[in-house]
Structure formats: structure tokens, C-alpha cells
Trainee: 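Pasting a structure here, questions to come.
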Amino acid sequence: MVSLAAAAFVITNWRSTGSTWACEVLVPKDHPCFEGHFPNDRILPGIAHLQLLLEAATRASGVPQALKAVRGIRFRRVVRPGQRLELSASVDEGGVLRFELRGNGERFSNGVVELEEAAP
Amino acid sequence: MTGEPTIAELLPHGGRARLVTAVQDRQGSHEIECCGRIPSNSPFAWEGRAPAFMALELAAQAAALLGFLARLEGGGHHASKVGYLVGVSEGRFTRQHVPTEETLIVRLRVLGEAASVSKYAATVWGPEGEVCRATLSTHRGGGA
């Protein structure tokens, strides 16, 4: 069972090589995270970037992932309804994941986080 | 706005996206304590729980409140309510999930301000103790 926020991202064109992976992401115009954020200016919340990252990392590892720590994340551009993005990441053996979310040739967010296996 | 403004009047977030429910304490423009909750119908929730990283959104909303209240008191009656979360660092989660519809407490302290970016130290507690602590950066006018 996953949340509506996680399930609503459309992830395609999955590529994986060793400890690196990448995929394309469509943020649907009716993604539930836009509701109320904000009523007059729909923007994907910063935490939805984290949800997307966990969803993709879970797919990459085959095991549900949870966030243990945020070493540093920058949210650089707002994500609007219908935005197409490219998410790429590399992860080391200690669960430290470096990621970048790009679209239209620009960086939307990037950072370094620590992941761990999600508790049931 | 007449009388004491409500949280709904102070925050731009609508419906289930609005997590802060009340201001518990405020020390001028540099510190605030709020309570909030994750609605059970939040898109991030499932089976009565939500990811602990939602505490970051609660803290970002507390930061927006603190900034907006300070600007109001400074005479900025047309000040923007919106404060965008543009950065998180030194974040550590002591649990993976928080229960929905339970009271969460966020305490936020200003660490510094430069131009339109403010940096805060935030700690969030849930019914079972500390959920996370992190450093947040918000911007009045761009970012997520």
C-alpha cells in the first residue's frame, strides 16, 4: 500500500547501471499534492520531491525505502502541473543517495540524503 | 482581516494541505511554536500514518507564519503570505512515520536572514517523542 502522492507520479523509461539509476517522471496535472498548495498558484510541495525520490529509490532497490537523514537539499525551481522531469541518482553502500531532478534543461532540485529500509 | 486572524487567513495553504492548526507561543520575529496535524485524507497518508518527512512541511508552514506575522506587525498589511521552502540541511529523522490526526508540535528559531532568504532551526515532536530536527531555508518569492 502506498500513498496517493506516491502512486500519482508517472515514472517511465527506467534505466539502471550498478549503483546509478535514472527515470523520466510526469507530474500529472491532477496530482493530489497540488490541491491546496496553493489554491491560486499550484506548486508541487517540496516534500513531494522527497516522496518521488523514495518511490524511485524503492523501485531501484526492490525494497521499500524511508528517509533517515537529509544532508542537504536545494529546491531550485517550482514544479507546476503537467511538468515532465528527469530524475537521476547514485547510491553508495551506506545508503547515501545523491540525486538531481531536471527538466527543460534546468535543475529543479538536487541533494544528498540517507535512506534506510522502511519498517513494515 | 478584523480581530485576531485565523490560521486559514494567515497561511496560503488550503484544505488538507494546511498542517498548522494553532500558534502556541511566539517570541517576536525570531521564534515560534505551533501545533499541527497530518489530516487522514492527506495525499501523503495511508493506513493512518504519514512519512516523517511531512514534519518538514509543518516546519515550513510555521516559518511562513512567523515571517508573515512579523511583516504584519512591521506594517506590511499587504505582505505576501507565501514563503517557499528552498532548502533543507542537517535533517535527521528519529522515526519513519507519524500518525495522522494526532497533535504534532513544531518549534522554530531564526538562525539568520539575508535578502529574502531566512534560515531556521526546527524541531518537531509527535505523540511518541521527537520526529525530526533540521535546518530549513525559505524564500519570500520563488522556489518550492
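Just the heavy atoms: all of them, side chains too, but no hydrogens, waters or symmetry mates, feed the values below.
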Trainee: Heavy-atom distances under 4.5 Å only: say whether A/Ala8 touches chain B with side chain, backbone, both or neither.
Mentor: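 Interface part for A/Ala8: neither.
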
Trainee: Can you check whether B/Arg107's main-chain N or O pairs, donor with acceptor, with B/Glu33's side chain at less than 3.5 Å?
Mentor: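 No, the answer is negative, given that no donor and acceptor are paired below the 3.5 Å cut-off.
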
Trainee: Mind checking whether A/Trp21 and A/Trp14 have parallel, tilted or perpendicular rings, split at 30° and 60°?
Mentor: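 A/Trp21 and A/Trp14: parallel rings.
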
Trainee: Quick check on the interface: out of A/Leu54, A/Val113, A/Asp41, A/Leu4, who has the most heavy-atom pairs with chain B under 4.5 Å?
Mentor: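 Of the options given, most contacts go to A/Leu4.
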
Trainee: Counting only heavy atoms closer than 4.5 Å, note whether B/Pro51 contacts chain A via side chain, backbone, both or neither.
Mentor: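 Side chain only.
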
Trainee: Between B/Gln96 and chain A, which part of the residue has a heavy atom less than 4.5 Å away: side chain, backbone, both or neither?
Mentor: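 The side chain, not the backbone.
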
Trainee: A/Asn40 versus chain B, heavy atoms under 4.5 Å apart: side chain, backbone, both or neither?
Mentor: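 Nothing of A/Asn40, per the 4.5 Å heavy-atom cut-off to chain B.
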
Trainee: Salt bridge check: are B/Glu113 and B/Lys119 linked by an N-O gap of less than 4.0 Å?
Mentor: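 So B/Glu113 does not pair with B/Lys119 through a salt bridge.
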
Trainee: Checking heavy atoms, do the side chain of A/Gln65, its backbone, both or neither come under 4.5 Å from chain B?
Mentor: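 Neither part, no heavy atoms under 4.5 Å.
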
Trainee: Over all heavy atoms of both residues, which pair between B/Ala122 and B/Leu136 is shortest? Give the atoms and the distance, please.
Mentor: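 That would be CB-CD1, 4.4 Å.
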
Trainee: Kindly determine whether A/Glu100 and A/Arg107 satisfy salt bridge (charged side-chain N to carboxylate O under 4.0 Å, His left out), including the steps that lead there.
Mentor: CA-CA 7 Å; A/Glu100 188 173 68; A/Arg107 198 154 52 165; 3.3 Å; yes

Trainee: For the interface with chain B, which of A/Pro39, A/Ala6, A/Ala7 has the highest count of heavy-atom pairs at distances below 4.5 Å?
Mentor: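 Option with the top pair count is A/Pro39.
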
Trainee: So which atom in A/Glu35 and which in B/Arg16 form the shortest heavy-atom distance, rounded to 0.1 Å?
Mentor: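 That would be OE1-NH2, 2.9 Å.
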
Trainee: Which region of B/Arg133, side chain (C-beta onward) or backbone (N, CA, C, O), has a non-hydrogen atom less than 4.5 Å from a non-hydrogen atom of chain A, or is it both or neither?
Mentor: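 Contact with chain A is absent: no heavy atom of B/Arg133 under 4.5 Å.
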
Trainee: If the threshold is 4.0 Å, N to carboxylate O, is there a salt bridge linking B/Glu31 and B/Arg26?
Mentor: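 A salt bridge is absent here (no side-chain N lies under 4.0 Å from a carboxylate O).
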
Trainee: Name the region of B/Ala45, side chain, backbone, both or neither, that has any atom closer than 4.5 Å to a heavy atom of chain A.
Mentor: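 The backbone, not the side chain.
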
Trainee: Do you know the tightest heavy-atom contact between A/Glu86 and A/Ala22?
Mentor: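 Result for this residue pair: OE2-CB, 3.8 Å.
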
Trainee: What part of A/Arg71 gets within 4.5 angstrom of chain B, counting heavy atoms only: side chain, backbone, both, or neither?
Mentor: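 Only the backbone of A/Arg71 comes within 4.5 Å of chain B.
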
Trainee: Looking at chain B, which one of A/Arg74, A/Glu116, A/Lys68 has the largest number of heavy-atom pairs inside 4.5 Å, strictly under?
Mentor: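 Top option by heavy-atom pairs under 4.5 Å: A/Lys68.
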
